[in-house]
Amino acid sequence: MFEDFKHLMRRPILIITLLAIATIPAIYTSIFLGSMWDPYSQTDNLTIEVVNHDEGSTVDGEEINLGADIVEALEDNDRFDWHVSDRESADRALEQGKSYAVVVIPKSASNDAATLLDESFEKVSIEIETNPGYNYLGSVMGGQAGTAIKDEIAQSITTLYTENLVESLGDIKDSNNEMIEALSEMQDGVNDLIAGSEDVQTGIEDIGSTVDSSTSELASGNQQVTDGLNQLDENLAGYESQVPPQMAEPVAAMQAGVDDLISGNTAVQSGIEDLGDGVTNGTDELAQGNASVTEGLNALDDALTEMIEEVTSGNEQLEALSLTEENASAIADPVDVVESELTHIGNYGQTFAPFIIAVSLFLGSVAFSVLYPLNRAAENYKSFIHMTISKLLVILSQTLVTSLILSAVLLFGFNLKVENMPTFLGLLLLWNLAAMLAISVMVALLGNIGKFIAIIFLILQISSSASTFPIQTAGTLYQYLHPVLPMSYVVTAMREAVFDFEAALATSDALIYMAVIIGVALILFTVINALKWKFVKFERVTRVMSRIEY
């Protein structure tokens, strides 16, 4: 049962060969994972060219320059290696592969931003140029740099307009408070005018008994009314440009009414002066005119009361708002995103490791079948049982050595974090054994053709195991093969062990699949060896198919 081991002992070069083969999975995994272990933490080594052509602009009297602001902000951004340069140098660096993206801020950037509240506005546009032909994933990362600048510009514009809006609302609130105060003072003046007009009315009624004295008092009192109306007219003219648009029409109407009152009061004054010539007629005219004045003043008082109530009501809504710079910043950036992950990934290599492990072990099994004489002549064994067990012992030994070397490299070389270590190591060992047995059966039966089939089988599994992109993004053929081929189950099961979660293709499914492969392979391997022992011609054919001609 140890015929193959005895054969190995007589051939040291073959032992060295098998040991070298045992290191292939570890070497393949080390090289592959080492090149991509944590690429996203190294993006600060990717050069991104920034070309700033922005000429600046003015928004509400404030000078802005988005391009200069972005360039300044990038000095504290260590996500990429930012280079500010001219367009010609940037394009040359991109073409030569020295940079992975060129981001161009146009000269109209600030000017376009200043038009965003105009009826005919222009959006700010930036140009992002990449070179996917040089390195596709590098260009994808470069595109992310352009997106980062786009977001920074959008944030700057939003903050600018929000701060201006909040400041304008604060000015409106202050202006409304001043207007309420002025309107209240005007209303007090109107009340005084109403009282004076009532005194005038009393004087008119008493004019029959004291014409001369009353005429003087009337003239003096009416002149006060006229002066007050003129002052009121000036106040309304001064506030007409300060009131909100919805209040402009009522203020204009009030001013027109005051003008009519001034005209009417002038007529009253003329009537008083002519009182000596016609007391009776003058008294009637004065009474009628003054009554109109009093009625107009009362209407004006009502209008002022309504206006004060409306302005106060509108201002109460503004008073309820906190209009600080902190509020403006919160409005410009109102969303806090709280991200959570079902699994914690330390780096890119950790999530890619299960796939590389599965591929490397299968590849090592193919190498074993190429370099070890699995179809060694039956005459070297005492029976087909001896032949089967002897070869299986070599296969099992190679599996153990390979698995140990690879596990040591992963755990101590790469310090791979694994949540469920026993399951992970068990899966690694079983997959290695399943691959070794499956390929050994194909080679024992078909020789070199079996090796070719194993390679094709490896290629199909690589393409359909959802190693890099979700399987839903692959073609129909690969989506069909995904749940059929064993590597899909092995990769997913190893990811479950590494990150401690349960996926659609569970670990139990992978264990069952590998158990079936191992069981069926053991049966077939035993049957093939029995046929070789019994049928010499069949055994010679398999040996011929395994021969390499030089």
Side-chain angles (χ1 to χ4, degrees), residues 1-11 13-25 28 358-399 401-402 431-462 485-487 514 516-550:
M1 290 189 294
F2 298 97
E3 287 86 349
D4 282 88
F5 279 107
K6 294 176 181 178
H7 178 72
L8 286 172
M9 293 299 104
R10 293 192 296 268
R11 291 169 176 77
I13 189 65
L14 189 54
I15 295 176
I16 296 173
T17 301
L18 290 180
L19 289 175
I21 292 172
T23 63
I24 288 178
Y28 180 85
V359 172
S360 66
L361 289 174
F362 199 95
L363 188 61
S365 300
V366 172
F368 173 78
S369 70
V370 171
L371 297 176
Y372 185 77
L374 283 168
N375 287 321
R376 187 164 172 251
E379 62 189 28
N380 295 299
Y381 304 93
K382 296 179 180 179
S383 67
F384 84 90
I385 295 295
H386 278 242
M387 183 167 63
T388 301
I389 295 177
S390 178
K391 292 181 180 180
L392 286 177
L393 286 175
V394 173
I395 292 173
L396 181 59
S397 299
Q398 184 74 12
T399 299
V401 173
T402 301
W431 172 243
N432 193 2
L433 180 59
M436 289 282 285
L437 288 174
I439 295 173
S440 295
V441 168
M442 287 187 281
V443 174
L445 180 63
L446 301 173
N448 291 332
I449 296 176
K451 300 171 187 177
F452 174 76
I453 294 174
I455 293 174
I456 297 299
F457 195 54
L458 173 63
I459 294 172
L460 290 175
Q461 291 188 108
I462 290 175
L485 298 179
M487 191 178 291
M514 286 187 290
V516 171
I517 292 175
I518 293 171
V520 172
L522 287 172
I523 294 172
L524 291 177
F525 195 67
T526 303
V527 171
I528 291 171
N529 285 322
L531 292 174
K532 287 182 178 180
W533 185 265
K534 186 173 183 179
F535 302 102
V536 177
K537 187 175 181 179
F538 173 72
E539 191 258 351
R540 289 177 179 173
V541 169
T542 58
R543 290 184 63 191
V544 169
M545 294 177 67
S546 300
R547 186 177 302 159
I548 299 175
E549 299 292 343
Y550 294 98

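Here, residue 1 is the first one in the sequence, and each next residue gets the next number. Since the structure is predicted, the reported quantities are computational estimates derived from the model, not experimental observations.
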Closest approach of [X] and [Y], non-hydrogen atoms and distance?
X	Y	result
Ala367	Ile24	CB-CD1, 3.6 Å
Asn529	Met387	O-CE, 3.2 Å
Ser365	Asn432	OG-OD1, 3.8 Å
Leu374	Lys391	O-NZ, 2.6 Å
Val401	Ala22	CG1-CB, 3.8 Å
Ile517	Pro486	CD1-CB, 3.8 Å

* Sequence neighbours excluded, which residues qualify as side-chain contact (heavy atoms from CB on, under 4.5 Å) partners of Ala358? ->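 side-chain contact (heavy atoms from CB on, under 4.5 Å) list for Ala358, sorted by chain: Trp431, Met487, Val490, Val491.
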* What residues form a side-chain contact (heavy atoms from CB on, under 4.5 Å) with Ala444, not counting sequence neighbours? ->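 Once residues adjacent in sequence are excluded, the partners of Ala444 under the side-chain contact (heavy atoms from CB on, under 4.5 Å) criterion are Asn375, Phe525, Ile528, Lys532.
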Please round to the nearest 0.5 Å and tell me the distance separating atom [atom1] of [X] and atom [atom2] of [Y].
X	Y	atom1	atom2	value
Ile462	Leu363	CD1	CG	8.0 Å
Ile395	Ile439	CD1	CD1	10.5 Å
Ser397	Leu392	OG	CG	10.5 Å
Ser440	Leu445	OG	CG	12.5 Å

* Matching residue for Ile453 among Ile455, Ile449, Ile456 - test: side-chain contact (heavy atoms from CB on, under 4.5 Å) ->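 Of the listed residues Ile455, Ile449, Ile456, the side-chain contact (heavy atoms from CB on, under 4.5 Å) partner of Ile453 is Ile449.
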* Stepwise side chain to side chain contact (heavy atoms under 4.5 Å, CB included) check, Phe362 with Val366 -> CA-CA 6 Å; Phe362 199 95; Val366 172; 4.0 Å; yes
I'd like to know if the side chain of [X] and the backbone of [Y] have a donor-acceptor N/O pair within less than 3.5 Å.
X	Y	value
Lys451	Val443	no
Thr402	Thr399	no
Gln398	Leu18	yes

* For Ile21 and Val370, run side chain to side chain contact (heavy atoms under 4.5 Å, CB included): C-alpha distance rounded to whole Å, both residues' side-chain angles, the deciding distance at 0.1 Å, then the answer. => CA-CA 10 Å; Ile21 292 172; Val370 171; over 6 Å; no
* Less than 4.5 Å apart, any side-chain heavy atom of Leu19 and any of Thr23? ->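 In short, these two side chains do not touch, never coming nearer than 4.5 Å.
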* Evaluate the side-chain proximity of Phe384 to Leu531: yes if any heavy-atom separation is below 4.5 Å, no if none is. =>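 Not in contact.
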* Run the side chain to side chain contact (heavy atoms under 4.5 Å, CB included) check on Val394 and Phe368 step by step: do they pass? -> CA-CA 11 Å; Val394 173; Phe368 173 78; 4.1 Å; yes
